[in-house]
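Report on the structure given below.
Owing to the predicted nature of the structure, the values given are computational and were not obtained by experimental measurement.
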Amino acid sequence: MGAVVIDDNPSKVKAPDGGWGWAVLFGCFVITGFSYAFPKAVSVFFKELIREFGIGYSDTAWISSILLAMLYGTGPLCSICVNRFGCRPVMMVGGLFASLGMVCASFCTSIITIYLTAGVLTGLGLALNFQPSLIMLNRYFDKRRPLANGLAAAGSPVFLCCLSPLGQVLQYEFGWRGGFLILGGLLLNCCACGALMRPLEPPKKEKEETKEVEKPKRKKLLDFSVFKDRGFVIYTLAASIMVLGLFVPPVFVVSYAKDIGVEDTKAAFLLTILGFVDIFARPTCGIIAGLKRVRPYCVYLFGFAMMFNGFTDLMGSMSNTYAGLVVFCIFFGISYGMVGALQFEVLMAIVGTQKFSSAIGLVLLAEAMAVLIGPPSAGKILDATGRYFFIFIIAGTEVVTSALVLSLGNFFCIKKKPEEPHCKEEVTEIGEINKLEDKTPQDEQAEFPEAEQFLKEEEEKEKNGEVVANPETCV
């Protein structure tokens with residue numbers, strides 16, 4: 001890998017906010033779509049797997065759970081790989097892992113081997129693509145970063161609307177084995193997206209300066225110093241609480257509709273409504289977050305989005321008709337899209353570009369624990385009570401609590417930093433003024449030795465009674 005350019009010091013290069021960054025944004029859009037939509041799209045094949053291996057629905061549901069656990073839980077590993085090898089090679093290897101996992105799963109003869117291939121191997125491959133793509137997006141965009149994050153996050157609902165029908169067609173035409181094989185081929189597109197992640201290179205002058213430096217500082221593979229930042233600690237705590245209840249309503253809303261007597265086709269249409277609203281909510285929220293007056297308060301906008309989502313869950317618990325559930329899905333799609341567009345934008349704003357690769361890995365690891373606890377615990381509550389009312393109440397309470405932790409924590413625990421001069425010229429001017437103010441009369445006399453000597457000679461001549469005639473003073 002000697003020919004690979006490793007993007008070690010992105011902070012020294014100014015973000016282009018366009019140009020090749022739009023290609024990076026497209027790659028991030030595709031990767032985000034595969035990462036979030038693929039675990040849900042695989043559920044289309046669960047009935048065929050139940051018939052093939054004679055297992056229960058809970059056994060097949062572990063495939064999606066393992067995929068999500070690998071996507072979130074391998075965050076620190078991805079951070080280490082990115083800091084060691086760079087984003088592009090990690091993503092291309094991840095694309096090969098994701099594809100290889102699904103191809104191998106098409107030849108499996110037991111559910112355990114499917115766990116290892118379609119679950120562990122494919123999940124690891126998607127994780128090695130998802131995190132580096134966000135890191136590269138952060139490096140290519142600065143002023144337009146909120147919009148870029150919103151557009152990239154829109155890949156999740158778009159791919160969910162496409163992959164689920166595609167999975168049904170593949171299952172009908174080729175069976176689950178042929179469907180897994182074709183989906184494995186589609187995941188090779190992750191390698192193409194990884195190839196788009198071209199490292200940012202400094203200008204020629206900076207290149208020459210770096211050549212003169214003998215030994216550059218060795219970069220940490222995983223920077224734990226982010227925990228010294230109060231903003232990062234508050235964000236991680238709030239995000240972990242939020243994830244406990246964020247994914248619960250989309251999982252149970254279809255079953256809730258069926259429970260109140262809605263037809264299967266109408267019940268499934270609720271997720272389509274939610275996804276359609278989500279597609280437009282994410283870019284719109286990105287545009288709003290990028291406004292000059294709004295961007296400094298992006299953390300509080302994220303807190304509002306979480307509060308909005310939590311109250312939507314609380315109101316959804318009172319829906320007893322299909323029309324009420326449609327209204328719930330519309331508002332949930334708006335709030336869910338806002339959360340999806342802002343969650344990584346806020347993290348980038350808190351920790352900065354240089355520490356983002358380590359910060360996102362640690363945050364995803366904390367969220368992985370909550371992802372594994374949230375939906376299963378909601379299922380146990382449903383089994384114990386038999387009512388969806390309590391599920392939505394608990395989910396809404398958890399999300400509202402996370403909003404309060406984020407907003408109040410930032411308001412009371414984070415002090416506003418004093419403004420610093422933005423350009424080098426201001427710094428040099430201030431330095432020169434300070435030097436002039438600090439000068440003593442002795443320093444000023446030392447700067448003009450010739451004038452001082454001339455004045456001394458004139459004084460001696462006057463004492464001796466000599467008349468001095470200068471061409472400038474004579475008439």
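- For the pair Leu406 and Met306, the tightest heavy-atom approach, listed with the atom from each and the gap, is CD2-SD, 3.9 Å.
- No more than 12 heavy atoms of other residues, nucleotides or ligands lie within 6.0 Å of CZ in Phe276, so this atom counts as exposed by the packing criterion.
- Side chains of Val339 and Met242 form a contact here, defined as non-hydrogen atoms less than 4.5 Å apart.
- Interatomic distance, CZ of Phe308 versus CG of Asp313, reported as 11.0 Å (0.5 Å rounding).
- No side-chain heavy atom of Leu151 sits less than 4.5 Å from a side-chain heavy atom of Phe29.
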Side chain to side chain contact (heavy atoms under 4.5 Å, CB included) evaluation trace for Phe232 with Leu347: CA-CA 7 Å; Phe232 174 76; Leu347 181 60; 3.9 Å; yes

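- Here the side chains of Cys87 and Arg139 are in contact, with some heavy-atom distance below 4.5 Å.
- Separation of atoms CD1 (Ile334) and OG1 (Thr284) is listed at 9.5 Å; rounding is to 0.5 Å.
- Atom CG in Leu244 sits 10.0 Å away from atom CD in Glu367 (nearest 0.5 Å).
- The OG1 atom of Thr122 sits 6.5 Å away from atom CG of Leu187, with the distance rounded to the nearest 0.5 Å.
- Partners of Ser335 according to the side-chain hydrogen bond (donor to acceptor under 3.5 Å, both in side chains) rule, which considers only residues two or more places apart in sequence or in another chain, are Asn309.
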Pair up each side-chain donor or acceptor in residues 91-104 with any protein partner under 3.5 Å, not counting sequence neighbours, and list the distances.
unit_1: Ser99; atom_1: OG; unit_2: Gly184; atom_2: O; d: 2.6

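- For the pair Cys78 and Leu128, the tightest heavy-atom approach, listed with the atom from each and the gap, is SG-CD2, 3.7 Å.
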Verdict with supporting geometry, Phe38 and Phe159, side chain to side chain contact (heavy atoms under 4.5 Å, CB included): CA-CA 8 Å; Phe38 200 79; Phe159 271 63; over 6 Å; no

Distance-only donor-acceptor hits, side chain of residues 143-150, under 3.5 Å, sequence neighbours excluded:
unit_1: Arg144; atom_1: NH1; unit_2: Asp17; atom_2: O; d: 3.3
unit_1: Arg145; atom_1: NE; unit_2: Glu345; atom_2: OE1; d: 3.0
unit_1: Arg145; atom_1: NH1; unit_2: Asn138; atom_2: OD1; d: 3.3
unit_1: Arg145; atom_1: NH2; unit_2: Glu345; atom_2: OE2; d: 3.4
unit_1: Asn149; atom_1: ND2; unit_2: Arg145; atom_2: O; d: 3.2
unit_1: Asn149; atom_1: ND2; unit_2: Glu345; atom_2: OE1; d: 3.0

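- For the side-chain hydrogen bond (donor to acceptor under 3.5 Å, both in side chains) test, no residue two or more places apart in sequence or in another chain qualifies with Thr312.
- Between the side chain of Trp62 and the backbone N or O of Ile112 there is no donor-acceptor pair closer than 3.5 Å.
- In terms of the ring-ring contact (aromatic ring centres under 6.0 Å, His included) criterion, Phe26 has no residue partners (sequence neighbours excluded).
- With contacts defined as side-chain heavy-atom distances shorter than 4.5 Å, the pair Tyr140/Arg198 qualifies.
- Residues forming a salt bridge (charged side-chain N to carboxylate O under 4.0 Å, His left out) with Arg177 (at least two apart in sequence, or on another chain): Glu52.
- Formation of a donor-acceptor pair under 3.5 Å by the Ser35 side chain with backbone atoms of Thr32 is not found in this model.
- For Asp278, the salt bridge (charged side-chain N to carboxylate O under 4.0 Å, His left out) partners two or more places apart in sequence, or in a different chain, are Arg282.
- Distance alone, capped at 3.5 Å, is enough to place a donor-acceptor pair between the Ser317 side chain and the Leu314 backbone.
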Chi angles and distances behind the side chain to side chain contact (heavy atoms under 4.5 Å, CB included) call for Leu270, Tyr322: CA-CA 9 Å; Leu270 290 172; Tyr322 182 72; 3.9 Å; yes

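- The ring-ring contact (aromatic ring centres under 6.0 Å, His included) check on Phe130 picks up Tyr36, Phe344, with sequence neighbours excluded.
- Listed here is the closest heavy atom pair of Pro39 and Leu67: CA-CD1, 3.8 Å.
- A donor-acceptor pair is defined here as one N or O able to donate and one able to accept, closer than 3.5 Å; no such pair exists between the side chain of Glu48 and the backbone of Trp176.
- Taking Tyr388 as the reference, Tyr256 meet the ring-ring contact (aromatic ring centres under 6.0 Å, His included) condition, with sequence neighbours excluded.
- Separating the CD atom in Gln343 from the CE atom in Met348 is a distance of 10.0 Å, to the nearest 0.5 Å.
- Legend: residues meeting side-chain contact (heavy atoms from CB on, under 4.5 Å) with Ala152, ordered by chain and number and at least two apart, are Leu25, Cys28, Leu137.
- With sequence neighbours left out, the ring-ring contact (aromatic ring centres under 6.0 Å, His included) criterion links Phe332 to Phe328, Tyr336.
- With values rounded to the nearest 0.5 angstrom, Leu134 atom CG is found 10.0 Å from Ile31 atom CD1.
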Worked verdict on Leu163 versus Leu166 for side chain to side chain contact (heavy atoms under 4.5 Å, CB included): CA-CA 5 Å; Leu163 286 179; Leu166 177 63; 4.3 Å; yes

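- Annotation: side chain of Val351 is not in contact with side chain of Tyr235 (no heavy-atom distance under 4.5 Å).
- For Ser225, the side-chain hydrogen bond (donor to acceptor under 3.5 Å, both in side chains) criterion is met by Asp223, Lys355, not counting sequence neighbours.
- Side-chain contact check for Ile63 versus Leu49: some heavy-atom pair is nearer than 4.5 Å.
- Across every non-hydrogen atom of Gly175 and Phe45, the tightest pair is O-CE2, 4.4 Å.
- Of all non-hydrogen atoms in Phe174 and Gly179, the two that sit nearest each other are CB-N, 4.3 Å.
- Between the side chain of Asn189 and the backbone N or O of Leu186 there is at least one donor-acceptor pair closer than 3.5 Å.
- Taking every heavy atom of both residues into account, Ser357 and Val82 meet most closely at CB-CG1, 4.5 Å.
- Taking the side chain as every heavy atom from C-beta outward, Phe311 and Phe331 never approach each other to under 4.5 Å.
- A heavy-atom distance below 4.5 Å is not found between the side chains of Ser319 and Val327.
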